[in-house]
Amino acid sequence: MEKQSMLGVNEQTPRQIVEELNRYIVGQDEAKRSVAIALRNRWRSRQLSSAMQDEVVPKNILMIGSTGVGKTEIARRLAKLVKAPFVKVEATKFTEVGYVGRDVETIVRDLAEVAVRMVRKDRMDAVQEKAKKLAEERILDVFVPQPKKTQNPLGRLFGGDDEEEKDEDGQEPKKYQAGREWVRKRLEKGELETEMIEVEVEEDAKPMVGMFAGSSLENMGDNLQDMLGSMMPKRHKKRKVSVEEARRIFTQQEAEKLIDMDAVAEEACKTAERSGIVFLDEIDKVAVRGDAGGQDVSRGGVQRDILPIVEGTTVMTKYGPIKTDHVLFIAAGAFHLAKPSDLIPELQGRFPIRVELQSLRKEDFEKILTEPQNALIKQYQALLETEGLELEFRPDAISRIAQLACDVNEQAEDIGARRLHTLLEKLLEDVSFDAPELEEKHIVIDEAYVDNKLKDIVVNPDLSQFIL
């Protein structure tokens, strides 16, 4: 069996993937398990023969659940977790071909861009040590320039080169070598890090006028810019920077010289084809209900345009053609007004795994407030700690906030965990405003404090609809 590059394959077991997601997301075990199995199947397929790999296609996932229950958060954390090209797009951004707006093929082009950045970074990391050595030599060249060449009239007359100054033994001058070694030792000791030197850097290419932005011709604009950029000579400018900054600039430049961008593009296309993951959010917003007309004509067209991408087609990108047969698609939507059955049948069939995310209960809200690494209470405590304030939340206060979030979600729209953001912001409004002037540096938040700040608002439906 041919050994293949494992770039773009997450080697964690399903249990490890779920444990990692549990650090940030409360509940929704079924959705986490489905995502973990899909990622592990990527690794399993890489262990098969080439012929069998072509037959095994990913099983796309459709996540159904109201807003604020964790669909997008699972996608965000998945993006950080997987070692694969990953793009998150909203279905509402796209329009049917023939309408003004983005066409669905830009999904694959975005995936190609992410894959190129990932492979390029991987290649550059591999040559960092060599690039650092070359960068140090360039810094030495600034401090101790090479000996000037002596003019050779006969050589110049007959097309020869000038000759470098040599000592009696035919070697580079000893003074030059000694000076270079002296500076090298000072560099190694870090004595010259703050010295200012002059370096030459490329000017950033100015973006083209956004005449193509937001239209199906935007890729033409990218290609035109690349073509003009390769024809026009690159402009350079001189900058005064510290040795520390110069080392970073030179290392970046030398690393770029050491990698072959054609090979990067070729590998990136293969990685995107075999390991790419697309999270298609707000899929329910393009579902057509019954015989509705008007703007739904375009929505139905978007579904028809998405279908070949999900089924498997070849999309031309500036890095080469990319086949989408083995790209994993994870779609998500609230499906409040529409149902999954309102999607066109062919598209429904391309998402065989259906996962329904559960609405959040009081116990879930309590865990969201305290358990994840990015828990809201931890965030507010860290923010106010910068002002010297110690914020202490009592268990009865956390329980009360969770109960109020449930109550408001029942009375008004159910926006899930996002309700906690509005409640906590209103709860801590006075403390946040007065924090720089407060003499009392230890603030205790208990149930009485919560009731004092929020009870009147929650009890009054008219106020809660506008404020919370």
Side-chain angles (χ1 to χ4, degrees), residues 18-29 32 66-77 79-81 357-468:
V18 170
E19 286 173 359
E20 185 67 24
L21 292 174
N22 282 340
R23 294 169 58 194
Y24 300 97
I25 303 159
V26 171
Q28 313 305 357
D29 295 332
K32 292 173 185 172
S66 58
T67 183
V69 296
K71 302 186 302 297
T72 307
E73 187 66 13
I74 288 174
R76 284 181 60 235
R77 295 301 165 184
K80 293 185 178 181
L81 181 64
L357 283 79
Q358 304 301 314
S359 295
L360 299 172
R361 299 164 301 170
K362 180 188 174 185
E363 295 77 16
D364 296 323
F365 285 129
E366 290 179 2
K367 291 178 181 176
I368 290 168
L369 285 169
T370 56
E371 288 187 4
Q373 284 196 352
N374 61 334
L376 280 175
I377 285 180
K378 294 177 184 176
Q379 292 180 31
Y380 279 101
Q381 286 173 331
L383 283 172
L384 290 172
E385 196 175 343
T386 61
E387 302 273 9
L389 287 183
E390 184 186 352
L391 203 60
E392 180 188 345
F393 278 83
R394 296 278 172 81
D396 60 343
I398 293 170
S399 176
R400 184 62 176 151
I401 293 169
Q403 185 60 55
L404 290 176
C406 288
D407 294 344
V408 179
N409 275 346
E410 287 176 5
Q411 294 170 12
E413 291 294 328
D414 185 356
I415 60 172
R418 294 191 178 95
R419 186 69 67 188
L420 294 172
H421 288 267
T422 56
L423 283 170
L424 277 176
E425 196 63 34
K426 195 67 186 172
L427 176 69
L428 299 173
E429 184 178 34
D430 292 339
V431 174
S432 296
F433 186 85
D434 297 328
E437 291 88 22
L438 284 176
E439 294 181 3
E440 175 58 48
K441 297 300 183 183
H442 183 77
I443 309 293
V444 177
I445 309 293
D446 55 15
E447 184 176 358
Y449 186 98
V450 175
D451 282 338
N452 181 46
K453 296 291 182 183
L454 297 177
K455 190 174 182 181
D456 291 341
I457 299 173
V458 173
V459 169
N460 188 331
D462 295 329
L463 279 176
S464 64
Q465 286 180 13
F466 288 97
I467 297 176
L468 301 177

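Just so it is clear, the values below take in all heavy atoms, side chains as well, and ignore hydrogens, waters and symmetry mates.
For the atom pair CD of E425 and NE2 of H421, the computed distance is 10.0 Å after rounding to the nearest 0.5 Å. The CG atom of D451 sits 9.0 Å away from the CG atom of D446 when rounded to the nearest 0.5 Å. The OH atom of Y449 lies 8.0 Å from the CG atom of N452; values are rounded to the nearest 0.5 Å. F393 contributes atom CZ, which lies 15.0 Å from atom CZ of R400 (distance to the nearest 0.5 angstrom). Here L360 contributes atom CG and I415 contributes atom CD1; the two are 11.0 Å apart, rounded to the nearest 0.5 Å. Distance CG/L404 to NZ/K426: 14.5 Å, rounded to 0.5 Å.
Taking both residues in full, the closest heavy atoms of L391 and Q381 are given as O-NE2, 2.8 Å, listed atom of the first, atom of the second, then distance.
K441 meets the side-chain hydrogen bond (donor to acceptor under 3.5 Å, both in side chains) test with no other residue; sequence neighbours excluded. The salt bridge (charged side-chain N to carboxylate O under 4.0 Å, His left out) check on E73 picks up R76, R77, with sequence neighbours excluded.
Side-chain contact check for V69 versus Q358: every heavy-atom pair is 4.5 Å or farther apart. Taking 4.5 Å as the limit, every side-chain heavy atom of L423 sits out of range of all side-chain heavy atoms of F365.
The 12-atom threshold is not exceeded at NZ of K367, counting heavy atoms of other residues, nucleotides or ligands nearer than 6.0 Å. For E385, the CD atom sits in a loose shell: 12 or fewer heavy atoms of surrounding residues, nucleotides or ligands are nearer than 6.0 Å.
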Please evaluate residues V450 and I445 with respect to the criterion side-chain contact (heavy atoms from CB on, under 4.5 Å), reporting the C-alpha separation (whole Å), side-chain torsions for both, the decisive distance (0.1 Å), and the verdict. CA-CA 7 Å; V450 175; I445 309 293; 4.1 Å; yes

For the pair R418 and T422, evaluate side-chain contact (heavy atoms from CB on, under 4.5 Å) and give the outcome as yes or no after the intermediate values. CA-CA 7 Å; R418 294 191 178 95; T422 56; over 6 Å; no

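Distance alone, capped at 3.5 Å, is enough to place a donor-acceptor pair between the K32 side chain and the I25 backbone. Using a distance-only test at 3.5 Å, with no hydrogens or angles considered, a donor-acceptor pair links the side chain of S432 to the main chain of L428.
Taking the charged nitrogens against the carboxylate oxygens, R361 and D364 do have a contact shorter than 4.0 Å, which makes a salt bridge.
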Without placing hydrogens or testing angles, list every side-chain donor-acceptor pair under 3.5 Å for residues 368-376, not counting sequence neighbours.
unit_1	atom_1	unit_2	atom_2	d
T370	OG1	E366	O	3.0
Q373	OE1	R23	NH2	3.0
Q373	OE1	Y24	OH	3.1

